[in-house]
Amino acid sequence: MDVDPRHYENIAINDNDIHNIVLSYLVHNCYKETVDSFISCTGMKLPADCLEDMETRKRILHFALEGNALKAVELTEELADDLLEKNKDLHFDLLSLHFVELVCSRKCTEALEFAQTKLTPFGEVQKYVEKLEDFLALLAYEEPEKSPMFHLLSLEYRQHVADSLNQAILAQANRQSYAAMERLIQQTTAVRQCLSQELGKDGFPPFSLKDFLKS
């Protein structure tokens, strides 16, 4: 049984709070044109440096998603010069995107040379060895997209790397790594899980955002 709507339907929510939550999501995901329209409609204000930062992040994420990871690395180093030096996992993931792009373009010799110069040094750390083996194994397949490591070529993998990069850039700038909307959903899910465990069979069912949106 879901929560009785009478428990919350009379709770007043400030419009400014809702606007801030929506704006946080739009800024976090670099929807600059929508942010401009939203600010114009609501009369809200956003610091100029935040808008500039958002435009740069948008370009970085675009390059990461569209297969130009080296350009994403370059812009990241300009925006946060020591971020990738401190975050080796993220640096490896970005370089791996370029390697994958070379493999997909059937530039196997160039991909191997890139791996030897840029990726192999990571092999000095044990946790990267298995990852390196998976990426280099792509070179053994005439159709790498049909290999057991096909997920490394997927849009989902690029999106994962781009999201991690976005979160790291925001954290470096002392901003929230997650949008307020996402944190609210995480908190709601955690609370519902705790209530369900504490109350047992008489408690609430596991929270499902999909089901909630249908209600």
For Gln159 and Asp163, does a side-chain donor sit closer than 3.5 Å to a side-chain acceptor? yes
Less than 4.0 angstrom from a charged side-chain N to a carboxylate O is my criterion; do Glu55 and Lys58 meet it? no
Here the gap from Leu132 atom CG to Glu130 atom CD, rounded to the nearest 0.5 Å, amounts to 10.5 Å
Any donor-acceptor pair under 3.5 Å from Arg57 side chain to His28 backbone: yes
OG of Ser164 to NE2 of His160: how many Å apart, nearest 0.5 Å? 4.0 Å
Residues passing the ring-ring contact (aromatic ring centres under 6.0 Å, His included) test with His151, sequence neighbours excluded, are none
Is there a chain of hydrophobic side chains (I, L, V, M, F, W, Y, each step under 4.5 Å between heavy atoms) that links Tyr31 to Phe63? no
Side-chain donor or acceptor of Ser24 paired with backbone N/O of Ala180 under 3.5 Å: yes
Any heavy-atom pair between the side chains of Asp89 and Tyr128 that's under 4.5 Å? yes
Examine distances only and state if a side-chain atom of Ser154 and a backbone atom of Phe150 form a donor-acceptor pair shorter than 3.5 Å. no
Hey, does Met149 have a side-chain heavy atom less than 4.5 Å from the side chain of Phe135? no
Measure the spacing between CG of Leu79 and CG of Asp81 and express it to the nearest 0.5 Å. 9.5 Å
If you apply the rule salt bridge (Lys or Arg N to Asp or Glu O under 4.0 Å), what do you find for Glu145 with Arg106, and how did you get there? CA-CA 11 Å; Glu145 61 276 3; Arg106 303 300 190 265; 3.5 Å; yes
Validation row: Ile39, Lys45 side chains within 4.5 angstrom (heavy atoms): no
In short, Leu138 meets Ser147 closest at the heavy-atom pair CD2-OG, 3.5 Å
Indicate yes or no: at least one non-hydrogen side-chain atom of Ile169 is less than 4.5 angstrom from one of Thr56. no
Is there a path of hydrophobic side-chain contacts, each under 4.5 Å between heavy atoms, that joins Leu112 and Leu152? yes
For Gln187, does the CD atom have more than 12 heavy-atom neighbours from other residues, nucleotides or ligands under 6.0 Å away? no
Check the pair Asn87, Gln172 against side chain to side chain donor-acceptor pair (under 3.5 Å), reporting the backbone distance first and the verdict last. CA-CA 11 Å; Asn87 196 327; Gln172 177 95 340; over 6 Å; no
Taking all non-hydrogen atoms of both residues, which atom of Leu26 and which atom of Val35 are closest, and how far apart? CB-CG2, 3.5 Å
Nearest-0.5 Å distance that lies between atom NE2 in His19 and atom CZ in Phe38: 5.0 Å
Backbone N/O of Lys71 and side chain of Asn68: donor-acceptor pair under 3.5 Å: yes
Does atom OH of Tyr25 have more than 12 heavy-atom neighbours from other groups under 6.0 Å away? no
Closest non-hydrogen atom pair between Ala69 and Leu94, with its separation: CB-O, 3.2 Å
Residues at least two apart in sequence or cross-chain that pass side-chain hydrogen bond (donor to acceptor under 3.5 Å, both in side chains) with Lys32, listed by chain then number, are Asp36
Output for pair (Leu184 CG, Gln186 CD), nearest 0.5 Å, gives 9.5 Å
May I ask you to check whether over 12 heavy atoms, not counting those of Lys131, lie within 6.0 Å of atom NZ? yes
Minimal heavy-atom distance between Tyr178 and Arg183, with the atoms involved, is O-NE, 3.2 Å
Rounded to the nearest 0.5 Å, how far apart are CD1 of Ile60 and OG1 of Thr76? 4.0 Å
Looking at Arg175 and Leu170, would you say the former's side chain and the latter's main chain have a donor-acceptor pair under 3.5 Å? no
Treat each ILVMFWY residue as a node, draw an edge where side-chain heavy atoms are under 4.5 Å apart, and state whether Leu61 and Met54 are in one component. no
Is a donor on one side and an acceptor on the other found under 3.5 Å between the side chain of Asn20 and the backbone of Asn16? yes
What pairs of donor and acceptor atoms, side-chain ones from residues 96-105 against any protein atom, are under 3.5 angstrom apart with sequence neighbours left out?
unit_1 : atom_1 : unit_2 : atom_2 : d
Ser96  : OG     : Asp93  : O      : 2.5
Ser96  : OG     : Tyr157 : OH     : 2.9
Ser105 : OG     : Glu101 : O      : 2.9

Applying the 4.5 Å side-chain criterion to the ILVMFWY set and letting contacts propagate, would Val129 and Val125 be lumped into a single cluster? no
Examine Leu165 and Leu65 and state if one hydrophobic cluster contains both, with Ile, Leu, Val, Met, Phe, Trp and Tyr joined whenever side-chain heavy atoms are less than 4.5 Å apart. no
Do any N or O atoms from the side chain of Thr120 and from the backbone of Thr117 form a donor-acceptor pair under 3.5 angstrom? no
Nearest heavy-atom pair of Lys118 and Leu95: which atoms, and what distance? O-CD1, 3.9 Å
